[in-house]
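Report on one structure; see the data block that follows.
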Amino acid sequence: IVQMNNYCGIGIDAELSLDFHQAREEDPDKFNSRLHNKGVYVKVGLQKISHTRSLHKDLKLQVDDHEVALPNIEGLIFLNIPSWGSGADLWGSDSDGRFEKPRIDDGMLEVVGVTGVVHMGQVQSGLRSGIRIAQGTYFRVTLLKSIPVQVDGEPWIQSPGHIIISAAGPKVHMLKKCKQKQKKQIGSFKDVRAESLVNSETGNRGVITTVWKGLAV
């Protein structure tokens, strides 16, 4: 079982992460700056632009007990947050009658496809978004061959078999600073802190509740 907090990628994005990871393992002293790291990612990506993959032929996707037909893609990404790859909006902001607008507290994951390295670069540049495929709470991926997989930037080669992605783990309460100014004469600091903790448990305004998702292999 692997804990997933942000996103899980299968295919091209995981392959780039794996190549980057292997290069860093070979010579870790060179990876001491963000600029150098981004340069290595660009180099690895350029080497794979001409490669052709048919990920939609190498796996099957089931979402909440329904089989989902996949378009011609090279990468499949499961999102738990509205941010991917250093802050890119992979899902996109355009309205779509097929899907609900993603929220961080909706208990669902979004599934997005990418057609290759060029498409990923366009997403990073804000020129395009990914291909919206599905939303749901339970996913079953059947791998027909060994494919690179990554969870929150940690890549590996996954052998043929089944991957189950579902809600797993406790809810996490996060406190948001109240916009109203606290008056000095109203209570003490301890009272204010106690009130904030009560609000976090009861789900009052200013509390964001999210669910950790787990990936079971």
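The residues of the chain are indexed from 1 along the displayed sequence. All values derive from a computational prediction rather than experimental measurement.
A single hydrophobic cluster is not seen to contain both Leu144 and Ile164; linkage of ILVMFWY side chains at heavy-atom distances under 4.5 Å, directly or through other members, places them apart.
Between Ile133 and Pro71 there is a side-chain heavy-atom pair separated by less than 4.5 Å. In this structure the side chain of Val111 never reaches within 4.5 angstrom of the side chain of Val68, judged on heavy atoms. Side-chain contact between Asp19 and Gln22 is present, with at least one heavy-atom pair separated by less than 4.5 Å. Within the 4.5 Å cutoff, the side chain of Leu109 has heavy atoms near those of the Met4 side chain. A 4.5 Å side-chain heavy-atom check between Phe78 and Val141 finds at least one atom pair inside the cut-off. Annotation: side chain of Ile163 is in contact with side chain of Ile165 (closest heavy-atom distance under 4.5 Å). Using a 4.5 Å heavy-atom threshold, the side chains of Tyr7 and Leu90 count as separate.
Nearest heavy atom pair, residue Ile10 against residue Leu55, reads O-CD2, 3.4 Å. Scanning both residues, Asp89 and Ser129, for their nearest heavy atoms gives O-CB, 4.2 Å. In terms of heavy atoms, Ser159 sits closest to Ser146 at CA-OG, 3.8 Å. Closest non-hydrogen pair, Arg132 versus Trp91, comes out as NE-O, 2.8 Å. The minimum heavy-atom distance between Gln150 and Asp13, with the atom names listed, is NE2-OD2, 3.0 Å. Closest of all the heavy-atom pairs between Asp106 and Arg103 is OD1-O, 2.8 Å.
In summary, the side chains of Trp156 and Glu154 do not present any donor paired with an acceptor at a separation below 3.5 Å, with no hydrogens or angles considered.
With sequence neighbours left out, the side-chain contact (heavy atoms from CB on, under 4.5 Å) criterion links Thr115 to His119, Ile131. Partners of Gln124 under the side chain to side chain donor-acceptor pair (under 3.5 Å) rule, at least two apart in sequence or in another chain, do not exist in this structure. Gln135 pairs by the side chain to side chain donor-acceptor pair (under 3.5 Å) definition with Glu110, not counting sequence neighbours. Residues satisfying the side chain to side chain donor-acceptor pair (under 3.5 Å) test with Gln122, not counting sequence neighbours, are Arg128. Scored by the side chain to side chain donor-acceptor pair (under 3.5 Å) test, Thr142 finds His162 as partners (sequence neighbours excluded).
For the atom pair CD1 of Ile12 and CD of Glu15, the computed distance is 4.5 Å after rounding to the nearest 0.5 Å. One distance of note links CG of Leu59 with CG of Leu76; it measures 6.0 Å at 0.5 Å rounding. Between atom NE2 of residue His56 and atom CG of residue Asn72 there is a gap of 4.0 Å, rounded to the nearest 0.5 Å. Here the CG atom belonging to Asn5 is positioned 9.0 Å from the CD1 atom belonging to Ile81, to the nearest 0.5 angstrom.
In this structure, the side chain of Asp64 engages the main chain of Tyr138 through a donor-acceptor pair within 3.5 Å. With Asn6 contributing its side chain and Asp152 its backbone, the two residues share no donor-acceptor pair below 3.5 Å.
The hydrophobic cluster containing Leu18, built from Ile/Leu/Val/Met/Phe/Trp/Tyr side-chain heavy atoms closer than 4.5 Å, also comprises Ile157.
Summarising the local packing, CD of Glu100 is surrounded by 12 or fewer heavy atoms from other residues, nucleotides or ligands at distances under 6.0 Å.
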